[in-house]
Amino acid sequence: MKKSIKTLALLLACLMMFNLVACSQVQDFFSLEHSSRHSSKKNDDDDDDEKPKKTKETEETEETEETTETEGTTDISETSGETETSESVAAPQSYDFDLVPLTYPDHAYTYDEIHPKKANGTLEGTEAVDLLNEVEQEVLQEFIGNSYVDLVILYDDPEALGYTLPEPSWGEVDLSDESRIEELQFYNDELAKLYTINRDSLETDDQIFYDKIVYDLEEYAYVNQFSVFNYFTTSLNPLIGPQCDLLFMLEIFTFDDIQEAEDYIILVRDTERYFGDLCTFEEMRAVYGYASSPEIYEQIAESFDALVEQKDDCFLYDSFVKRVSDIKGISQEDIDRLVADHEDAMQNSFFTGFVDCASRMRALKSFEGTDKGLCEMEYGDQYYEWLYRSKSNADYTIDEGIKLIEDRFSANMDLMNSIVEGGITWYTEYLAHDYSKGDTKANLDFLSVAILDDFDELPAHDYALMDVPEAMQENFSPAAYLGYHLDKMDDNLIITNKSNIDDTFGITCAHEGYPGHMYQSIYSRSICSHPYMYICDSTAYAEGWATYVENFSFRYFAENEDAAALIKIDNELNVLLMARMDIGIHYEAWTLEDCANWASDLLGYQLSTDALSSTYYLLVSDPTYAVKYGIGFLLTNSIFDNAVERHPDVDIQIIHMAYLNCQPATFNQIDARIDDFIAAAS
C-alpha cells in the first residue's frame, strides 16, 4: 500500500511578548502518529496537525455501507456514515483532478467505542511473544518500511534490521478511498491478532508495548474510517510544514558510497514532484470547501519564497561537497561529477519547484476561505476530540484539560503573589539573571555532570552541533534537537539559533540536551526492547518530559530560588496561554477578539488583536499545536507531583528513572505503572 512521508518539525510560535520556543526531534520530522496518508507537518511525531476551513454549505447525501463486526475487535470497519459530493464550492479556476464523495461519521464516537472493552486472549508463552513481535514488525513495515526517507534517516543500516530500501523518493500523497480502506483493514487485522494474546501472561516490557500498540492502532483505525478527516487542515503550515525543515533534513543524509550520493541527488530532484503533489492536495481541500484563509495561503507562499531566496547561497552546496569528499576511496572525477549533478538538481529542479509552489498557494487565495475553529465546521468537533486525545497522549477529556490549565494558572498566580509579598531578595537576580555557561557546548558539558545527582548516567553516546543559517534565523526557535539513526547512540544533532540566545540559554540547552530531549531519546533507546516505543512515541510525551526537566534544571543555574520560580512562571505562561487558546478556538469557537479578551483578563492588562494575530493564525491552522506542549507538560508534571506525594522519602533520581522506565507510553499507562517501578528501585 502507498504510504506518504510526513516531515514536520515543531516550531512553536509566540505571543507578542514571549520568546519563540520549541524544538524538534525525530518523530516531529516523521509524523508517525498515522492520522492520514498525506504529508503534513509529521512527526509527530507524528509525529499530523494543520488547518480547517469550510466556505460553503455542501450538498449532503446518505450513503450506507456494510458494517463488519468482529467479536472482540474495534468496530472500525467501513461503517455507516454520511457522505457529501464534491460540489462544495465553485472553484475560481479549473483543476485537473476528480473528487469523490467524502465519508463522515454517522454519530459522535465514544471512548468505549474506539477502545472497546474485551476479554483477555488465550495465547500465551513463546507463541504469544512471537505473535507480538510479528505484529510489531508488520506495523513498522507499514509505517516506515516502504519509505526511503524514513529508513535512511531513522536507521544507519536499515538492511541489517531486515528492511529493503525502496527507490529514492519522498513518498506518495495518496488519499484515495482504496488506500484508506486498505489501511483501515490493516489496522483491524493487526488488532485482531493482538486481541488473541493473553496480555496478563506477558513479561512487563512486552505488556508495556502491548498496551501502547493496541491503544494506538485503535485510534488509527477510528480516524481512518472517515475520509473527511484528511481535509480539515493544511499539510503546508507556514511555520511547521515540511517545507520549513526540508533543508535540515537533507543536511543529515550521509554517504558511505557513491550510490548513496547518487540516490540523494535523485531525492533532491524528487522534491519538485512531491511538493507539487502537496500543492495538488491543497487545491483539492479548497475545491472540497475547506479552503484556508488568504492570509494563511500568503504565509505558506512566503515560506516557499524564503527557500527560493537561498537558491544561490544554500549551506547544502558546501555540505554536499564535504559529504561526497568524505566517501572512502572516491576519485576526484567522481567528486566533480556528483557535485555538478547536485548543483544542477538544486538550481533547476529543487528551488524552481518552490517558485511554482508559492504561485499555486497564492492562487488559492481566490477561494476566500475564512479562519475559524474546528468546532464551527460540520464534523470538525469530532475530529478535534480525536486530535486532542491523540496529541495530548492521554484519555483525559477536553474539559479536564481546561481544568488542568486553569488550576495551574491559579497555582502560579498564588505562588507569584506569595513571592512578591514576601520581600525583594529575588529582585536583582530576576532582573539581571544569566542562566547560562556560555555557548551550546559549554552548557551541555556543564549539564552532563550537574544532573548526575538527579538522573542516571547515560550509555556512551555522541552528538553534533549546528548553527541555523542567518537567512533562516528569524523564523526558527532558539534551539532544536534531532535524534536520527536510532540504531546508534552517536547520531544526535542539536541546532542552535544564535540570534535567539538569551539570558536563559542554559535552560534551553537543558530542554534540548541534558536532561531533556537528547537524554530521554538516548535513554529510551537503551531500555526499550521494542523499537516501536521510541520510533512512534508522541510529541506530548517528549515535550512533557523536556518541559518538566527544563523547569527542574533551573536549580543548576539559579542562586535565588524565588527569582528562578518567577522566571519559570513567566516561561509557563507562554505554554499555558497558547494551550488554552488552542482549546478555546477549536472547542469553544473563540475568535481572535475572544482570545485577546481572555488573555487580557488573565494578565490584567489589555492585549490588542494585532499583538495576538500571528499566534491566532498558527493555532487556527494547526489544531492541537499548543495542546501537545501545554497538556503534555501538565500531565507529566502531575505524574511527578503525585509520585513525590505518595513517596516522600524516595530520592527524586529514583522517581525520574521510574518514569522513564515506564517507557514512552500514554500518560494514563505511565501513571498506572510508575509506583511499581519506584518500588522495584527503592
Side-chain angles (χ1 to χ4, degrees), residues 4 6-13 28 31 33-55 88-89 102 104-105 173 175 180 219-220 222-224 226-244 277-297 299-300 303 361 364 367 369-392 539 578 581-583 585-587 589 615-628:
S4 66
K6 301 178 179 181
T7 56
L8 291 178
L10 302 170
L11 308 177
L12 185 59
D28 304 328
S31 175
E33 300 163 277
H34 287 252
S35 58
S36 63
R37 290 159 302 286
H38 66 276
S39 176
S40 64
K41 50 116 34 3
K42 176 201 45 141
N43 43 301
D44 233 147
D45 126 212
D46 303 321
D47 77 322
D48 335 84
D49 331 323
E50 294 101 14
K51 155 156 202 79
K53 294 296 153 261
K54 197 167 189 177
T55 59
S88 310
V89 111
L102 300 178
Y104 294 80
V173 182
L175 287 162
R180 179 179 62 82
E219 290 287 336
Y220 302 152
Y222 165 68
V223 77
N224 275 279
F226 311 111
S227 62
V228 68
F229 288 164
N230 284 317
Y231 294 95
F232 283 129
T233 56
T234 178
S235 65
L236 293 171
N237 187 283
L239 281 178
I240 62 169
Q243 72 275 22
C244 302
D277 288 350
L278 289 179
C279 289
T280 299
F281 164 73
E282 292 297 328
E283 291 160 353
M284 291 175 65
R285 284 185 63 236
V287 175
Y288 266 126
Y290 296 96
S292 298
S293 68
E295 290 83 1
I296 293 296
Y297 286 132
Q299 291 176 25
I300 294 173
S303 71
M361 291 301 98
L364 293 178
F367 280 86
T370 57
D371 292 307
K372 56 187 175 183
L374 284 175
C375 62
E376 297 186 77
M377 306 164 67
E378 196 167 15
Y379 307 101
D381 54 347
Q382 295 179 45
Y383 181 60
Y384 188 70
E385 287 185 9
W386 172 81
L387 203 58
Y388 176 89
R389 185 173 60 253
S390 174
K391 303 311 174 189
S392 65
T539 301
M578 289 186 68
M581 286 192 289
D582 189 329
I583 295 172
I585 291 166
H586 296 290
Y587 183 62
T615 298
Y616 179 81
Y617 283 127
L618 170 69
L619 297 177
V620 168
S621 65
D622 191 14
T624 68
Y625 178 82
V627 161
K628 292 178 296 221

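The model shown is predicted, which means the values in this text are computed figures rather than measured ones.
- Within the model, atoms CZ of Arg285 and CZ of Phe367 stand 11.0 Å from one another, a figure rounded to the nearest 0.5 Å.
- Side-chain atoms of Ser303 come within 3.5 Å of backbone N or O of Ile300 as a donor-acceptor pair.
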- [ ] Take Tyr288 and Asn230 through the test side chain to side chain contact (heavy atoms under 4.5 Å, CB included) and record every step on the way to the result.
- [x] CA-CA 11 Å; Tyr288 266 126; Asn230 284 317; over 6 Å; no

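- Checking side-chain atoms of His586 against main-chain N and O of Gly380 turns up no donor-acceptor pair under 3.5 Å.
- A distance of 12.0 Å separates CD in Gln382 from OH in Tyr104, rounded to the nearest 0.5 Å.
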Open item on the list: I'd like to know whether Tyr383 forms a side chain to side chain contact (heavy atoms under 4.5 Å, CB included) with Thr233, so could you lay out the CA-CA distance, the side-chain angles of the two residues, the decisive distance to 0.1 Å, and finally the verdict.
Closed with: CA-CA 11 Å; Tyr383 181 60; Thr233 56; 4.3 Å; yes

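- Phe229 CZ to Ser227 OG: the interatomic distance, rounded to the nearest 0.5 Å, is 9.5 Å.
- Taken to the nearest 0.5 Å, the SG atom of Cys244 stands 6.0 Å off from the CG atom of Leu239.
- A pairwise comparison of heavy atoms in Asn237 and Gln243 identifies O-NE2, 3.3 Å as the closest pair.
- For the atom pair Phe226 CZ and Arg180 CZ, the distance stands at 8.5 Å (nearest 0.5 Å).
- Here Tyr388 pairs with nothing under the ring-ring contact (aromatic ring centres under 6.0 Å, His included) rule; sequence neighbours left out.
- Side-chain N or O atoms of Asn224 include one that pairs as donor or acceptor with a backbone N or O of Tyr220 at under 3.5 Å.
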TODO: Report the C-alpha separation of Met581 and Tyr616 in whole Å, then their side-chain angles, then the decisive distance to 0.1 Å, and conclude whether the side chain to side chain contact (heavy atoms under 4.5 Å, CB included) test is met.
DONE: CA-CA 8 Å; Met581 286 192 289; Tyr616 179 81; over 6 Å; no

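- Side chain of Ser293 to backbone of Ile296: a donor-acceptor contact under 3.5 angstrom is found.
- Of all heavy-atom pairs spanning Thr615 and Met578, the tightest one is CG2-CE, 4.0 Å.
- The minimum heavy-atom distance between Val228 and Pro105, with the atom names listed, is CG1-CD, 4.4 Å.
- For Glu283, the side chain to side chain contact (heavy atoms under 4.5 Å, CB included) partners at least two apart in sequence or on another chain are Tyr95, Phe97, Thr280, Arg360, Leu364.
- Annotation for Tyr297 and Met361: closest pair CB-O, 3.4 Å, computed over non-hydrogen atoms.
- Here the shortest heavy-atom pairing between Ser235 and Pro242 reads O-CD, 3.2 Å.
- For the atom pair Tyr617 OH and Gln299 CD, the distance stands at 7.5 Å (nearest 0.5 Å).
- Checked options Ile585, Ile583, Leu374; the residue passing with Pro623 is Leu374 (criterion: side chain to side chain contact (heavy atoms under 4.5 Å, CB included)).
- For the pair Asp582 (side chain) and Ala626 (backbone), a donor-acceptor distance under 3.5 Å is present.
- For Tyr222 against Trp386, the heavy-atom pair with the smallest separation is CD2-CD1, 3.6 Å.
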